[in-house]
Protein chains: 2
Amino acid sequence: MSAAAQERPLRIGEVAELTGTTPRTIRYYEEIGLLPEAEDREHGKRRHYTPDDVERLRELLRLKDLLGLSLDDLKRIVEAEAARAVLREQWQQTEDPTEQRQILEEALVHLAAQLKLVRARRTEIERLESELVARQRRVKSRLKSLG
Amino acid sequence: MSAAAQERPLRIGEVAELTGTTPRTIRYYEEIGLLPEAEDREHGKRRHYTPDDVERLRELLRLKDLLGLSLDDLKRIVEAEAARAVLREQWQQTEDPTEQRQILEEALVHLAAQLKLVRARRTEIERLESELVARQRRVKSRLKSLG
DNA sequence: CTGCTAGCTTACGTTTACGTAAGAAACCGC
DNA sequence: GCGGTTTCTTACGTAAACGTAAGCTAGCAG
């Protein structure tokens, strides 16, 4: 469905480059279940990725770095998303609008939870920033009073 | 000079409580030179702290958590501040306004560097936040179109 | 003085998140 | 087909940031 899936598959080194990480990290994330393993890859053969996979990994790294989440935290998020994805498949097939609504509402809950985290962080950062600005002002005024 | 220094000294457990960390962490920070060690404490006797020390530790923990700085990064910051403090003492005694100005300007450089870090973080956080909001909107509109 | 709790020192242990090395196999260009 | 690069698997190594345990002491409460 995604246009991205049509293009030449990316190799692990390219993905690492694009996301600013290393092949080892990518394999490790797969190993702990943070990234999915292609079930049809034969032993010893190369992994390949789509641009969507790159975006996915970028997002995980962002959550990790910006929110300070551990890989375990991320895994929980990923698993929750996966669970919702399963339900989505089941329920979209039945085309029952009541169930579909429930799925979307769960997605909203999920997003609200993440937003809460992000906004809390932003608030803390802003407080830190304004304290630094205040100090800056004090130093500047002392500089002025020195002539 | 600080009013805080007049009050009953705090023990390590209280400081840990107040900063949301543990005594072990505080001792560790002292061990690696992140927190100063009172030079007059006899071997085996208790550490004690002022409310200013608590604030100091809070700030370090904030920089660590919000900016994702390592203890090594923090140590560099602390050392830079200490170096500036030494110069301040020396030069304030001489009461040479030219030197005093230089100290203040160095402080500004220091603050500007930290502010740059903090603002970069805030920008990233804000981008993440707006992406989440966008997703939220999409889900909400799909909900509405479901009736 | 006597308990009791919290703190001290020393030292080894642990978790997280990968790094690194070795040997083999997969592609890719020629 | 072949050399060169990249990847694969397996497994051991490691740095950072503390945790934990043991034996001992400070210092206060009664």
Side-chain angles (χ1 to χ4, degrees), chain A residues 7-50 53-54 56-79, chain B residues 7-50 53-54 56-79:
Chain A
E7 309 177 7
R8 175 177 75 77
L10 297 165
R11 288 173 301 175
I12 197 169
E14 301 174 300
V15 174
E17 187 88 357
L18 289 171
T19 55
T21 179
T22 71
R24 168 61 176 150
T25 294
I26 297 176
R27 289 193 203 101
Y28 179 62
Y29 284 9
E30 179 184 316
E31 185 184 331
I32 65 172
L34 198 52
L35 295 177
E37 14 189 351
E39 70 297 329
D40 60 337
R41 187 172 62 93
E42 294 168 47
H43 181 274
K45 280 206 164 180
R46 295 182 169 175
R47 293 164 178 81
H48 40 272
Y49 302 89
T50 69
D53 292 334
V54 174
R56 173 67 166 165
L57 178 52
R58 275 213 184 100
E59 166 127 24
L60 290 176
L61 291 172
R62 248 179 357 154
L63 289 176
K64 173 171 136 69
D65 291 343
L66 291 181
L67 302 185
L69 299 183
S70 69
L71 299 186
D72 227 63
D73 294 333
L74 289 181
K75 203 178 161 190
R76 268 184 280 275
I77 290 180
V78 163
E79 280 167 358
Chain B
E7 307 176 6
R8 175 177 74 78
L10 298 165
R11 287 173 302 175
I12 197 169
E14 302 174 300
V15 174
E17 188 87 358
L18 290 170
T19 54
T21 178
T22 72
R24 167 62 175 151
T25 294
I26 297 176
R27 289 193 204 101
Y28 180 61
Y29 285 8
E30 179 184 315
E31 186 184 330
I32 64 172
L34 198 51
L35 295 177
E37 11 189 353
E39 70 297 331
D40 60 335
R41 187 172 63 92
E42 295 167 47
H43 181 274
K45 279 206 164 181
R46 295 181 170 176
R47 291 164 179 81
H48 39 271
Y49 301 89
T50 69
D53 292 334
V54 175
R56 173 68 165 165
L57 178 51
R58 275 213 183 100
E59 167 128 24
L60 290 176
L61 291 172
R62 248 181 356 154
L63 289 176
K64 173 171 135 71
D65 291 344
L66 292 181
L67 301 185
L69 299 184
S70 69
L71 299 187
D72 227 63
D73 295 332
L74 289 181
K75 204 180 161 188
R76 266 185 281 275
I77 290 180
V78 163
E79 280 167 358

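The model shown is predicted, which means the values in this text are computed figures rather than measured ones. Numbers restart at 1 for each chain; the letters A, B, ... are given by sequence-line order, proteins then strands.
- Counting to the nearest Å, the P atom of C/dG7 and the CD atom of B/E30 are 14 Å from each other.
- Of the possible polar contacts, one joining the A/T19 side chain to the A/V15 backbone as a donor-acceptor pair under 3.5 Å is found.
- Of the possible donor and acceptor atoms, one in the side chain of B/R41 sits under 3.5 Å from a partner among the backbone N and O of B/K45.
- Rotation axes derived from the C1' atoms of the five outermost pairs at either end of the helix from C/dC1-D/dG30 to C/dC30-D/dG1 lie 30° apart, to the nearest 10°.
- The separation between B/R46 atom CZ and C/dA6 atom P is 9 Å, rounded to whole Å.
- Per the geometry, CZ belonging to A/R11 stands 20 Å off P belonging to C/dA25, to the nearest Å.
- Although no hydrogens or angles enter the test, the distance criterion places no donor-acceptor pair under 3.5 Å between the side chain of A/E59 and the main chain of A/R56.
- Atom CD of A/E17 and atom P of D/dT7 are 10 Å apart (whole Å).
- Nearest heavy atoms, A/G13 versus A/P23: CA-CG, 4.3 Å.
- No donor-acceptor distance shorter than 3.5 angstrom exists from the side chain of B/K64 to the backbone of B/S70, with no hydrogens or angles considered.
- At whole-Å resolution of the value, CG in A/L71 and P in C/dT16 are 9 Å apart.
- Note: CG (B/L10) to C1' (C/dG7) measures 15 Å, nearest angstrom.
- Nucleotide C/dA17 holds its C1' atom 12 Å from the CG atom of A/D65, rounded to whole Å.
- Using a 4.0 Å cutoff on non-hydrogen atoms, the parts of residues 20-29 of chain B near DNA chain D are B/T22, B/R24, B/T25, B/Y28, B/Y29, ordered by number.
- Of the residues listed (A/L61, A/L60, A/V78), the one engaging A/Y29 in a side-chain contact (heavy atoms from CB on, under 4.5 Å) is A/L61, and it is the only one.
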* Please assess A/E37 against A/E31 for the test side-chain contact (heavy atoms from CB on, under 4.5 Å), listing each intermediate value before the final yes or no. => CA-CA 8 Å; A/E37 14 189 351; A/E31 185 184 331; over 6 Å; no

* To do: Check the pair B/I12 / B/R46 against side-chain contact (heavy atoms from CB on, under 4.5 Å), numbers first and verdict last.
  => CA-CA 8 Å; B/I12 197 169; B/R46 295 181 170 176; over 6 Å; no

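- Here the P atom of nucleotide C/dG7 and the CD atom of B/E37 are 19 Å apart, to the nearest Å.
- Phosphate contact (OP1/OP2 of D/dC18, side-chain N/O of B/K64, threshold under 4.0 Å): present.
- At least one side-chain nitrogen or oxygen of B/R47 sits closer than 4.0 Å to the OP1 or OP2 atom of C/dC8.
- Listed for the A/D65 side chain is no donor-acceptor partner under 3.5 Å among the backbone atoms of A/R62.
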